[in-house]
Amino acid sequence: MNLRRITFVGLVLSLVLLSSCGATRRFGKDVSMAALSPALTIYGGATDAYAGSQDVAEGLGGGSLTQFFAFPPLFIVHGIKHLLYGVVHLVDGVFYPFYGAVELNPDGPGVEPLQIYTGTWFDKPAEKSGTDAQSGEGR
């Protein structure tokens, strides 16, 4: 086997084994969001601008023409916002070794991924709390 394959397999294996580590989940999310930043800039800018242009048209009592003229400036503003979100994830990924060191301390704070974009495969599902309706026991 060559060294590249061994390195790749070792990296993948370590990411699988460390998937419960908050610092590793944060780094994985940072890397994926930074890599997807060009697509997220266009997609996020367009969807936010479309929703915003609908709000502008509704607020001004205008129609589709108002929405048509409101869309371009909103797309630029929201596109820049999503581009900056990608830069934040890129810069945050650089601090991965420090987040890992923080998690080594048992009394240290828990490291969680940034919540700029939610619902990714790196985010933990919300813990269910409350009382079970059938048994009356707390969850």
Side-chain angles (χ1 to χ4, degrees):
M1 291 184 69
N2 80 34
L3 186 58
R4 288 184 187 182
R5 286 186 189 170
I6 292 171
T7 304
F8 179 74
V9 170
L11 180 63
V12 169
L13 185 61
S14 67
L15 287 176
V16 169
L17 293 174
L18 295 172
S19 63
S20 65
C21 175
T24 302
R25 287 187 302 112
R26 185 170 181 145
F27 180 68
K29 186 172 182 178
D30 287 338
V31 168
S32 64
M33 293 297 119
L36 294 172
S37 181
L40 287 173
T41 299
I42 295 169
Y43 174 75
T47 55
D48 290 352
Y50 181 73
S53 66
Q54 285 180 325
D55 293 341
V56 167
E58 182 181 317
L60 294 176
S64 58
L65 190 62
T66 305
Q67 189 175 353
F68 174 79
F69 284 112
F71 183 84
L74 288 173
F75 176 74
I76 292 170
V77 169
H78 288 291
I80 291 170
K81 175 184 77 172
H82 285 280
L83 179 66
L84 291 176
Y85 287 168
V87 170
V88 166
H89 277 288
L90 182 67
V91 171
D92 189 58
V94 173
F95 295 107
Y96 172 63
F98 302 108
Y99 294 135
V102 166
E103 283 208 324
L104 289 176
N105 182 357
D107 297 326
V111 177
E112 294 295 324
L114 295 176
Q115 295 300 310
I116 297 172
Y117 295 108
T118 58
T120 67
W121 51 91
F122 295 102
D123 298 320
K124 283 184 179 176
E127 303 233 354
K128 295 181 180 178
S129 63
T131 305
D132 183 65
Q134 298 295 325
S135 66
E137 296 178 4
R139 294 186 215 176

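Worth knowing before you read on, the calculation uses all heavy atoms, side chains too, and leaves out hydrogens, waters and symmetry mates. Quantities reported herein were computed from a predicted structural model and do not represent experimental measurements.
- By the 4.5 Å heavy-atom criterion applied to side chains, Lys81 and Asp48 are counted as neighbours.
- Minimum heavy-atom separation, Gly63 to Ala57: O-CB, 3.6 Å.
- In this structure, the separation between OG1 on Thr41 and CG on Leu36 is 10.0 Å, given to the nearest 0.5 Å.
- For the atom pair CD of Glu58 and CD of Gln67, the computed distance is 10.5 Å after rounding to the nearest 0.5 Å.
- Note that NE2 of His89 and CG of Leu84 are 12.0 Å apart. Values are rounded to the nearest 0.5 Å.
- Shown here for Gly100 and Ala23, the closest heavy-atom pair between the two residues is N-CB, 3.7 Å.
- Under the 4.5 Å side-chain contact rule for hydrophobic residues, Met33 and Ile116 share a cluster.
- A perpendicular orientation is assigned to the rings of Tyr85 and His82, their planes being inclined by more than 60° (bins at 30° and 60°).
- Here CD1 of Ile42 is found 12.0 Å from OG1 of Thr47. Values are rounded to the nearest 0.5 Å.
- For the pair Asp92/Tyr99, a side-chain contact is recorded, criterion being any heavy-atom separation below 4.5 Å from C-beta on.
- Crowding of Phe95 atom CZ: a count of heavy atoms from other residues, nucleotides or ligands under 6.0 Å not exceeding 12.
- Contact check for Asp30 versus Leu114: side-chain heavy atoms found under the 4.5 Å cut-off.
- Residues Val91 and Val102 are members of one and the same hydrophobic cluster, defined by side-chain heavy-atom contacts under 4.5 angstrom among Ile, Leu, Val, Met, Phe, Trp and Tyr.
- Side-chain contact between Leu74 and Tyr50 is absent, with no heavy atoms from C-beta onward closer than 4.5 Å.
- Contact of the Gln115 side chain with the Lys29 side chain is registered, since non-hydrogen atoms from C-beta on lie closer than 4.5 Å.
- Both Val111 and Phe98 are members of a single hydrophobic cluster when ILVMFWY side chains are connected at heavy-atom separations under 4.5 Å.
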